[in-house]
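For reference, the structure is listed below as C-alpha cells.
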Amino acid sequence: MSEAIYSPRDWSSHPGYIYPSYRSTLLRGPTKPLIHLKQSLSTLTGPVYGHDSVGELDADLTRNGRKNGEPLGERIIVSGRVLDENGRPQPDTLLEIWQANAAGRYVHRTDQHDAPLDPNFLGAGRSVTDKQGRYRFHTVKPGAYPWGNHHNAWRPNHIHFSLFGPSFLTRLVTQMYFPGDPLLELDPIYQAVPASARHRMISQFSIEDTEPEFALGYVFDIVLRGRNQTLMESR
C-alpha cells in the first residue's frame, strides 16, 4: 500500500494561535512551540464516520426538525464542491453542519440568548458528497447573536461545517459567512484571519442555484488541504 503524502499547510494564511481581540484565545492558545508528529498510517487513513447512515432528510434542515409546521426564517440553499489540494473533487466526504435559527439561537442548553427557539428547526444536518464532490443543503438563514467577547459584540450570520476526507489529516472544521454582512468588519474571529485569506470563508450568492418561489442559493466550495485550503477554526 502506497502512502498518501499531503503538502504542509500554508500557516501564513491561518490566524495565529493567540489573537488578543478574540479573548478566549488568551486562555486556550498554546504558548510553547508545538511538537511535529511524523505522518503515520493511522493519520493517513481513517475510519468511516457514519457515511452510510445519512438519511433522506438529513441534508434538509427545513424538514428534518419539523414537529407541527414550517421552520421560521428566510429559506436558503447552500451547495458547493469539496476539493483536495490539487483541485480534484472529493467524493464520499461526510459533511456535518450546525447553526443558529433565524432568531440567532442554537438548540443547545448552554445557549442562553434571549431569543425564541423554533420548535420546527433542529439546526443540524449531514450530507455525503457525490462522485463530483458536490453537496447540497436546504436550511434557513441563521440570525446574528450576541456572544459576550466585548461590549456590544455580535457574531455575523454563519454556518459551522465539519468535514472528513479520506484521512484524519484532511479533516476540516470551519465557518461559512454570507456576502455583504456588515458585522464581518467588527468580528474578531473573522478578523483574526489574514486579510488575503478571508474570502475563502465567504459564500457567494448564486441565482443559478436559487429555486424559484422557494429559496435563495449560495455556493461555498471547500478545499481540504494545501495553499488554497479553506480556513480552519482551530489548528
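Listed by chain and residue number, Tyr106, His158, Glu233 satisfy the side chain to side chain donor-acceptor pair (under 3.5 Å) test with His160 (two or more places apart in sequence, or in another chain). By the ring-ring contact (aromatic ring centres under 6.0 Å, His included) test, Phe178 is found to be paired with Tyr218, residues two or more places apart in sequence or in another chain being considered.
You'll find the side chain of Asp181 stays beyond 4.5 Å of the side chain of Tyr190, heavy atoms only. For the pair Asp209 and Arg136, the minimum side-chain heavy-atom distance is below 4.5 Å. The shortest distance between side-chain heavy atoms of Ile97 and Leu61 falls below 4.5 Å. In this structure, Leu186 and Asn152 have side chains that are not in contact, with every pair of non-hydrogen atoms separated by 4.5 Å or more. Within the 4.5 Å cutoff, no side-chain heavy atoms of Ser203 are placed close to those of Val78. Side-chain atoms of Arg126 and Leu94, non-hydrogen and from C-beta on, do get closer than 4.5 Å to each other. You'll find the side chain of Ile159 reaches within 4.5 Å of the side chain of Pro142, heavy atoms only.
The closest side-chain donor-acceptor pair between Gln191 and Ser21, if any, does not fall under 3.5 angstrom. Under the 3.5 Å distance criterion, with hydrogens and angles disregarded, a donor-acceptor pair is assigned to the side chains of Tyr177 and Arg155.
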Worked verdict on Phe121 versus Leu72 for side chain to side chain contact (heavy atoms under 4.5 Å, CB included): CA-CA 8 Å; Phe121 187 69; Leu72 300 175; over 6 Å; no
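Using a 30° and 60° split on the angle between ring planes, Trp147 and His150 fall in the perpendicular class, above 60°.
Taking a 6.0 Å sphere around CZ of Arg105, one finds it holds more than 12 heavy atoms contributed by other residues, nucleotides or ligands. The neighbour count for Gln132 CD, taken as heavy atoms of other residues, nucleotides or ligands under 6.0 Å away, is above 12.
Between Val193 and Arg198, the closest heavy-atom pair is O-NE, 2.7 Å. The two residues Ala144 and Leu183 make their nearest non-hydrogen contact at CB-CD1, 3.7 Å. Residues Asp111 and Gly104 come closest through the heavy atom pair OD2-O, 4.5 Å. Nearest heavy atom pair, residue Arg200 against residue Asn228, reads NH1-C, 3.8 Å. The shortest heavy-atom contact between Val128 and Asp92 is CG1-CA, 3.5 Å. Thr230 and Leu172 make their closest contact through O-CD1, 3.4 Å (heavy atoms, listed as atom of the first residue, atom of the second, distance).
Proximity of a side-chain donor or acceptor of Gln99 to a complementary backbone N or O of Val140 within less than 3.5 Å is detected. With hydrogens and angles ignored, the 3.5 Å screen pairs a side-chain donor or acceptor of Thr210 with a backbone N or O of Gly217.
Salt bridge absent: Arg225 and Asp84 never bring a charged side-chain N and a carboxylate O closer than 4.0 Å.
Note on Leu216 and Phe220: same hydrophobic cluster, where clusters join Ile, Leu, Val, Met, Phe, Trp and Tyr whose side-chain heavy atoms are under 4.5 Å apart, directly or indirectly. Following chains of ILVMFWY side-chain contacts shorter than 4.5 Å, one can reach Leu224 starting from Phe137, so the two form part of one hydrophobic cluster.
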